[in-house]
Number of protein chains: 2
Amino acid sequence: MTSTERSATPPRKTRQRAEIRSAVEALDGFATSQDIHDRMRHDGSAVGLATVYRTLAAMATAGELDAIRTPDGQVAYRTCSPGHHHHLVCRTCGRTEEITLPGLEAMVRTIASDHGFGELDHELEFFGICGSCSRP
Amino acid sequence: MTSTERSATPPRKTRQRAEIRSAVEALDGFATSQDIHDRMRHDGSAVGLATVYRTLAAMATAGELDAIRTPDGQVAYRTCSPGHHHHLVCRTCGRTEEITLPGLEAMVRTIASDHGFGELDHELEFFGICGSCSRP
DNA sequence: TTCTAAATGAGAATGATTCCCATGACGTCC
DNA sequence: GGACGTCATGGGAATCATTCTCATTTAGAA
């Protein structure tokens with residue numbers, strides 16, 4: 001009842017959902033629901049905070065956005081290319097690069113099954129300092 | 001002023017700190033500060049919740065414990081062997097296996113430097129369902 | 001247009017974590 | 001062993017992200 005769920009009813013098209021979508025697409029890096037809500041408000045768009053939370057979470061579940069958890073525990077979203085990949089996020093400016101780690105998935109699946117584990121899930125994101133931020 | 005900090009003053013030995021340490025060492029898998037506080041209270045040990053939070057965080061910073069963030073955002077701690085490694089955590093029972101991913105670190109460092117990123121840090125933990133929990 | 005279920009929004013509620021600060025207890029110097 | 005300066009403690013308030021509640025609005029089907 002979690003991932004086997006087929007999109008029973010497609011989400012309705014609302015003004016709010018469209019505005020949230022374009023706000024997220026205008027981002028460079030990851031942003032939290034609050035960040036996006038602030039930005040939208042700043043840009044004159046009036047959408048409730050709860051709606052931003054709900055919509056972003058739904059979009060992430062639907063695979064339209066990537067969600068990561070920042071080191072301090074907040075959830076951040078970002079549009080990204082399809083296919084499995086990870087992120088290299090700058091701790092200072094938030095700039096994000098998508099990276100792929102060929103072979104990692106298979107390696108992990110093997111190790112996990114050696115330990116009897118199944119239904120694996122993982123979140124692997126790297127946080128560092130990008131080139132522009134490390135130059136004094 | 002974060003990692004360059006030398007242990008200026010060694011922490012004092014207190015009853016609370018000792019009790020917290022043994023409570024953590026008695027664990028099988030990861031547990032949150034609240035879990036540990038509950039367990040201690042159940043075992044007749046009276047230590048303030050704030051103290052448990054402070055002490056576990058300090059122990060993790062000192063490298064005496066491993067801290068991970070669970071999928072729902074809480075911080076969990078566990079004693080573990082020295083050296084860099086990752087964890088395979090059962091979503092159902094919390095059982096934890098330590099795993100190493102030889103080559104991953106080097107691979108990531110290479111990719112990161114290709115992108116101009118430095119001072120890398122990462123948290124890579126796997127959550128799955130262990131053998132005993134997946135058998136009906 | 002009409003109707004119904006889904007979506008929205010404002011604020012309350014929740015829950016983990018941290019802060020505040022008066023009190024208590026290590027460790028040190030005598 | 002005793003006095004003292006500090007760091008540690010604890011309990012409750014405060015914070016902060018996130019979720020819930022529920023009355024109201026609205027998309028989309030009939």
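Values in this document were obtained by computation on a predicted structure and should not be read as measured data. Reminder, nothing fancy here: chain letters follow the sequence lines and each chain counts from 1.
Of the two residues contacting DNA chain C, namely Ala57(B) and Pro11(B), the nearest-nucleotide position lying further toward the 5' end is that of Ala57(B). In terms of position on DNA chain C, the residue among Tyr53(B) and Thr14(B) whose nearest nucleotide sits closer to the 5' end is Tyr53(B).
With rounding to whole Å, His37(A) atom NE2 is found 15 Å from dT19(D) atom P. Between the CG atom of Leu56(B) and the P atom of dA8(D) there is a distance of 15 Å, given to the nearest Å. Atom CD of Gln74(B) is separated from atom P of dA17(D) by 17 Å (rounded to the nearest Å). dG12(D) atom P lies 12 Å from atom CG of Leu49(B), rounded to whole Å. Taking atom CZ on Arg54(A) and atom P on dT21(D), their separation rounds to 12 Å, with Å as the unit. The distance from atom CD of Gln16(B) to atom P of dG11(D) is 10 Å, rounded to the nearest whole Å.
Listed here is the closest heavy atom pair of His37(B) and Val52(B): CD2-CG2, 3.9 Å. Ala112(B) and Leu88(A) make their closest contact through CA-CD2, 3.9 Å (heavy atoms, listed as atom of the first residue, atom of the second, distance). Scanning all heavy atoms of the two residues, the minimum distance from His85(A) to Ile99(A) falls at CB-O, 3.4 Å.
Residue Arg12(B) places a side-chain atom within donor-acceptor reach of the base of dT6(D), judged by atom type and a 3.5 Å distance cut-off alone.
No close placement of the Phe127(A) and His87(A) rings is indicated, their centers lying 6.0 Å or farther apart.
In the 5' to 3' direction, nucleotides of DNA chain C lying under 4.0 Å from heavy atoms of chain B begin and end at dA16(C) to dG27(C).
The residue Arg15(A) sits close only to the backbone: its heavy atoms come under 4.0 Å of sugar-phosphate atoms, none of a base.
A donor-acceptor contact closer than 3.5 angstrom links the side chains of Ser45(A) and Glu19(A). Neither side chain, Gln16(A) nor Thr55(A), offers a donor N or O lying under 3.5 Å from an acceptor on the other.
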